[in-house]
Amino acid sequence: MRAAPTILHLDMDAFYASVEQASKPSLRGKAVIVGGLGPRGVVATASYEARRFGVHSAMPMGQARRLCPNGAYLIPRFTLYRQVSDIVMAMLRELSPLVEPLSLDEAFVDLEAGGVAFDSDSARATGERLRADIRAATGLSGSVGLAGSKMLAKVASEEAKPAGLLLIEPGTERELLAPMSVRTLPGVGPATGEHLRRAGITTVGELAEAGEDELVRMVGRAHGTGLYRMALGLDDRPVVAERDAKSVSVEDTFDVDLHDRVRIRGEVQRLADRCVQRLRGSGHSGRTIVLKVRRYDFSTLTRSETLRGPTDDPAVVREAAARLLEAVDTTGGVRLLGVGVTGLADYTQEDLFAQSSAAEAEAEHEDDGAGGEGGAGGVGGGAEAEAAGGGTGLSEGPERPGGPQEAPERRWTAGSDVRHVLYGPGWVQGSGVGRVTVRFERPGSEPGRVRTFRVDDPDLEPSDPLPLVGDLS
């Protein structure tokens, strides 16, 4: 524990939903729910307006729609979220070399290590300045907690939500924590919370009064000792600047169980490409390829294959994932597929053992893409490209006999970015029965007009998201 509140915890407020409200003026002040839109989707983030209806993260999307039928339900746009996150994290690194990101929208900062705060007054001034700078750079709000330890700084930022700042003065920790629910403490989930409740312990103060010996008897030595220290406000963990990634993975849950083996293979190939795209984006390569399959009965199987050396070659990852799939029985149907890479490294070893068929397939793909439809999307277009551009999810293959095939109907997913030749940038409000409804507006504009087009209108195209502030051209 430090003698001054120089550990800062930043948590952006309802991050995904707030980004959507900032980029879509017609949604400001409205209930916005971001997540998977299919019947098996879950809520990633809900705006504070939606939370008033009882909607929260990790809730099944079907339940959210029942609680908040008039909310705006949108797909996540991770490309934009990462862009905004990069801006915020860069601002934190200007404060200190010791920044520990926990997610896209959350991080610890050691202000003392950066020489920007040594006491309560300077820490509070730094926190307020940070909040104002984030608002100016992104248009979004963040909540800041300041304390002498990481645990208390995180508790403080949660108490400060939304758009606030709370500083916990050293020496006041136990008084502040005592009336709070035990669920406030990190690591106390529903199961542990219920176990403590049955023992008559519901607040942090009651947890401290129970004593270390009693807590060890109830939940075991490691967990009991940790709970007791947290109840006293004790936490000596340092802010760690770099947290090594252990794995990179992507997965999809399907609205309807997949039975077609060809379709399943195609989805695995698509996931492998997305996984490699994310792997390269993090600057890593990996040795072990992992396939995850959740079947119709909710049984989950994982299969893995370790290569001779680390790779970030999409052909190698696709091959390995395909081999792993051959060992899995998918007869009854598949509800979820995932592909991951573990054993990460910061370098790539030249792959000398990829099958020759993969090299030939890559060459054929390049030849096809040079002058035809194969070059439109490219490999690894990402979830956003598939959702907005209508990817089938199947691997491209030779053209079937009988001449050119009819182009599949383009899919327009709610929340995705588009641009019209005449009306400019906008976003999809919904689509169906061959029509797509688009609202034309941009960050900082007035709420825009809504227009409807055919799904195959040649003047309407998927688009990259616009920045929240600055150059919006």
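In this structure, the side chains of Val116 and Ser122 stay at 4.5 Å or more apart for every pair of heavy atoms. Within the 4.5 Å cutoff, the side chain of Thr413 has no heavy atoms near those of the Val428 side chain. Taking the side chain as every heavy atom from C-beta outward, Val84 and Phe15 approach each other to under 4.5 Å. A 4.5 Å side-chain heavy-atom check between Val188 and Leu227 finds at least one atom pair inside the cut-off.
Atom-to-atom distance recorded for Glu169:CD and Arg124:CZ is 7.0 Å, nearest 0.5 angstrom. Glu173 CD to Ser149 OG: the interatomic distance, rounded to the nearest 0.5 Å, is 7.0 Å. Within the model, atoms NZ of Lys24 and CG of Leu466 stand 10.0 Å from one another, a figure rounded to the nearest 0.5 Å. The OG1 atom of Thr253 sits 4.0 Å away from the CG atom of Leu336 when rounded to the nearest 0.5 Å. To the nearest 0.5 Å, atoms OG1 (Thr202) and CZ (Arg183) are separated by 12.5 Å. Rounding to the nearest 0.5 angstrom, the gap separating the CG atom in Leu74 from the CD1 atom in Ile33 is 8.0 Å.
No donor-acceptor pair closer than 3.5 Å links the side chain of Thr203 to the backbone N or O of Met180. Put simply, the side chain of Arg131 never gets that close to the backbone of Ser141: no donor and acceptor are under 3.5 Å apart. Put simply, the side chain of Glu128 never gets that close to the backbone of Ala125: no donor and acceptor are under 3.5 Å apart. A donor-acceptor pair under 3.5 Å is absent between the side-chain atoms of Arg237 and the main chain of Lys150, judged by distance alone. Judged by distance alone, the side chain of Ser85 and the main-chain N or O of Tyr81 form no donor-acceptor pair under 3.5 Å. The backbone N or O of Arg135 sits nowhere less than 3.5 Å from a side-chain atom of Thr138 that would complete a donor-acceptor pair. Between the Ser157 side chain and the Gly145 main chain, no donor and acceptor come within less than 3.5 Å of each other.
One finds no salt bridge joining Arg229 and Glu212 here, because no Lys/Arg side-chain nitrogen approaches an Asp/Glu carboxylate oxygen to under 4.0 Å. Salt-bridge check for Lys154 with Asp11: failed, with every basic side-chain N at 4.0 Å or more from each acidic carboxylate O. A salt bridge links Asp13 with Lys161: at least one charged nitrogen is closer than 4.0 Å to a carboxylate oxygen. Ion pairing of Asp312 with Arg280 is present here, as a side-chain N (NZ or NE/NH1/NH2) and a carboxylate O approach within less than 4.0 Å. Note on Asp110 versus Arg2: salt bridge recorded, some NZ/NE/NH1/NH2 to OD/OE distance being below 4.0 Å. Taking 4.0 Å as the cut-off between side-chain N and carboxylate O, Arg77 and Glu20 count as a salt-bridged pair. Remark: Arg419 does not engage Asp464 in a salt bridge, criterion side-chain N to carboxylate O under 4.0 Å.
Across Ala137 and Met91, no two heavy atoms sit closer than the pair CB-SD, 4.1 Å. Summarising the geometry of Ser416 relative to Trp412, their closest heavy-atom pair is OG-C, 4.5 Å, with the distance given to 0.1 Å. Nearest heavy-atom pair, Gly444 versus Pro25, reported as atom, atom and distance to 0.1 Å: N-CG, 4.4 Å. Contact record, Leu92 with Val99: O-CG2, 3.6 Å, taken as the closest heavy-atom pair. A pairwise comparison of heavy atoms in Ala44 and Ser57 identifies O-CB, 3.4 Å as the closest pair. Nearest heavy-atom pair, Pro310 versus Arg287, reported as atom, atom and distance to 0.1 Å: N-CG, 3.5 Å.
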Practice problem: Output, in order, the C-alpha distance, side-chain angles, deciding distance and verdict of side chain to side chain donor-acceptor pair (under 3.5 Å) for Asp105 and Ser103. | Solution: CA-CA 5 Å; Asp105 62 330; Ser103 62; 2.7 Å; yes

Exercise. Please test Arg318 against Asp273 for side chain to side chain contact (heavy atoms under 4.5 Å, CB included), starting from the C-alpha separation and ending with a verdict.
Key: CA-CA 7 Å; Arg318 284 198 299 266; Asp273 288 335; 2.6 Å; yes

Exercise. Take Leu337 and Glu251, measure what side chain to side chain contact (heavy atoms under 4.5 Å, CB included) needs, and give me the verdict at the end.
Key: CA-CA 6 Å; Leu337 289 168; Glu251 61 183 42; over 6 Å; no

Quiz item: Could you walk me through whether His9 and Glu106 pass the side chain to side chain donor-acceptor pair (under 3.5 Å) check?
Solution: CA-CA 7 Å; His9 181 258; Glu106 184 180 1; 2.9 Å; yes

Exercise. Take Arg449 and Glu441 through the test salt bridge (charged side-chain N to carboxylate O under 4.0 Å, His left out) and record every step on the way to the result.
Key: CA-CA 7 Å; Arg449 296 188 60 180; Glu441 58 187 6; over 6 Å; no

Practice problem: For the pair Val248 and His284, evaluate side chain to side chain contact (heavy atoms under 4.5 Å, CB included) and give the outcome as yes or no after the intermediate values. | Solution: CA-CA 9 Å; Val248 173; His284 289 95; 5.6 Å; no

Self-check item: Residues Arg439, Ser26; criterion side chain to side chain donor-acceptor pair (under 3.5 Å); working and verdict
Solution: CA-CA 9 Å; Arg439 185 180 288 274; Ser26 58; 3.3 Å; yes

Practice problem: Evaluate the side chain to side chain contact (heavy atoms under 4.5 Å, CB included) criterion for residues Val418 and Val436: first the C-alpha distance (whole Å), next the side-chain angles of each, then the deciding distance (0.1 Å), finally the verdict. | Solution: CA-CA 11 Å; Val418 296; Val436 55; over 6 Å; no

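A side-chain donor from one of Thr306 and Thr288 sits under 3.5 Å from a side-chain acceptor of the other.
Both tests hold for Arg451 against Tyr423: distance to the six-membered ring centre under 6.0 Å, angle to the ring axis within 45°.
Ring pair Tyr16/Phe78 is perpendicular by interplanar angle, where above 60° counts as perpendicular and below 30° as parallel.
Each of Val204, Ile168, Thr172 was compared with Leu177 under the side-chain contact (heavy atoms from CB on, under 4.5 Å) criterion, and only Val204 meets it.
In the displayed structure, Glu175 atom CD is contacted under 6.0 Å by at most 12 heavy atoms of other residues, nucleotides or ligands.
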